[in-house]
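For reference, the structure is listed below as structure tokens.
Below, all heavy atoms of this structure are taken into account, side chains as well, without hydrogens, waters or symmetry copies. In this chain, numbering begins with 1 at the start of the sequence shown.
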Amino acid sequence: MARMGNRLFSAPLCRILISLLLARAVPGAAQDPISNGSVSNRNPSSKQSHEEIPLYSVPQYLPCPGQTNTLSKLSNSFSAGHLPSRSEVTGSWVLIGFWLHKDSHPDLNCAGILRGKILEWVMLAQGYSLEIDIAGTNQSSAFEPGRRQDLTVAMDLGGDASPTLRCRLTQRQNLVCLGDTYYSGLEFQKIQVHCEPPIPNSKAFTQPLLCYPYKREPPTPRQ
């Protein structure tokens, strides 16, 4: 498995997995997955071609005030959380905290963990239906109600990397997901984003979506 940031595991699978993540795209992902006001598809100032996406994100430590900064505290937040309803989970969820494994140093960024200019991991939910964007690699999935008052989502990252995440909505109204050996802890916050293909107006059916932090355009001065 590959570490977010420029820290790597020594296993050869790391490099193979990263190549798969950047190379794969789900057909049809360029269609707008949700239209509930959390996603904007237009912001021409943030164009970044697929070739310019860095292979790894850099380590980030810009937590929100009071944000959980240890995996044990994240697990406690999960334990105190609840099974979110379809309406509660609908929206755009941006990764703001990441623990690859239980002993790893977390990456934290209150505005969203970045890979270059794009967001590292965004989940676009319409009810329990999901479109997942990981650094420009898109896949369709769905939340499934689990047996322990949580939602589960199975990830397909290529090869043997198919973690299943268990997610709950915390008291801070963030979505915390716990995994297994890898992807031990993830924290998502509902943040408005804009997603668009790297080549605007292209007729290519298999273009991925790239998701960016949403920036409001300044108001037009009155004449």
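The closest donor-acceptor contact from the side chain of Lys117 to the backbone of Ile53 lies at 3.5 Å or more, if one exists at all. Judged by distance alone, the side chain of Gln171 and the main-chain N or O of Gly81 form no donor-acceptor pair under 3.5 Å. Between the side chain of Gln67 and the backbone N or O of Ile96 there is at least one donor-acceptor pair closer than 3.5 Å. A distance-only check finds no donor-acceptor pair linking the side chain of Asp133 to the backbone of Val122 [under 3.5 Å]. Checking side-chain atoms of Ser129 against main-chain N and O of Ala125 turns up no donor-acceptor pair under 3.5 Å.
Among all heavy-atom pairs drawn from Leu124 and Ser92, the shortest one is CD2-CB, 3.6 Å. Taking every heavy atom of both residues into account, Lys190 and Trp93 meet most closely at CE-CZ2, 3.3 Å. Counting all heavy atoms, side chain and backbone alike, Tyr61 lies closest to Pro63 at C-CD, 3.4 Å. For the residue pair Phe143 and Cys167, the shortest heavy atom distance occurs at CE2-SG, 4.1 Å. Heavy atoms only, all atoms of each residue included: Pro84 and Leu151 are closest at CG-CD1, 3.5 Å. The two residues Ser104 and Leu100 have their closest heavy-atom pair at OG-N, 3.2 Å.
Between the side chains of Glu187 and Asn174, at least one donor N or O lies within less than 3.5 Å of an accepting N or O. With no hydrogens or angles considered, a side-chain donor-acceptor pair links Glu88 and His82 at under 3.5 Å.
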Working note: Asp107 + Leu95, criterion side chain to side chain contact (heavy atoms under 4.5 Å, CB included); need CA distance, chi angles, decisive distance, verdict. CA-CA 10 Å; Asp107 284 319; Leu95 183 68; over 6 Å; no

Given the rule in the side chain to side chain contact (heavy atoms under 4.5 Å, CB included) test, do Leu165 and Leu178 qualify, once you have shown the distances and angles that lead to the verdict? CA-CA 5 Å; Leu165 304 177; Leu178 303 180; over 6 Å; no

Using side chain to side chain contact (heavy atoms under 4.5 Å, CB included), reason through Val94 and Gln189 one step at a time and then give a plain yes or no. CA-CA 5 Å; Val94 175; Gln189 184 166 280; 5.7 Å; no

Set out, in order, the CA-CA distance, both residues' side-chain angles and the distance that settles side chain to side chain contact (heavy atoms under 4.5 Å, CB included) for Ile134 and Met155, then state yes or no. CA-CA 11 Å; Ile134 303 177; Met155 303 292 300; 3.6 Å; yes

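Using a 4.5 Å heavy-atom threshold, the side chains of Leu186 and Trp121 count as touching. Residues Ser140 and Leu130 have side chains not in contact (no heavy-atom distance under 4.5 Å, counting atoms from C-beta outward). Residues Leu175 and Arg168 fail the side-chain proximity criterion, which asks for heavy atoms closer than 4.5 Å. Counting heavy atoms from C-beta on, the side chains of Glu120 and Leu114 never come closer than 4.5 Å. When side chains are defined from C-beta on, Leu119 counts as touching Pro213, because their heavy atoms get closer than 4.5 Å. Side-chain contact between Cys177 and Phe188 is present, with heavy atoms from C-beta onward closer than 4.5 Å.
Note that SG of Cys195 and CG of Leu210 are 8.5 Å apart. Values are rounded to the nearest 0.5 Å. One distance of note links CZ of Arg86 with OH of Tyr128; it measures 5.5 Å at 0.5 Å rounding. A distance of 12.0 Å separates SG in Cys211 from CD1 in Ile191, rounded to the nearest 0.5 Å.
Aromatic pair His101/Tyr183: ring centres not closer than 6.0 Å.
When each of Asn69, Val176, Thr170 is tested with Leu74 by the rule side-chain contact (heavy atoms from CB on, under 4.5 Å), just one qualifies, namely Val176.
Applying the disulfide bond (SG atoms under 2.5 Å apart) test to pairs two or more places apart or on separate chains, those with a residue in residues 61-100 are Cys64-Cys110. Listed by first and then second residue, the side-chain hydrogen bond (donor to acceptor under 3.5 Å, both in side chains) pairs involving residues 143-154 are Asp150-Arg166 (not counting sequence neighbours).
For Thr164, the side chain to side chain donor-acceptor pair (under 3.5 Å) test picks out no residue, with sequence neighbours left out.
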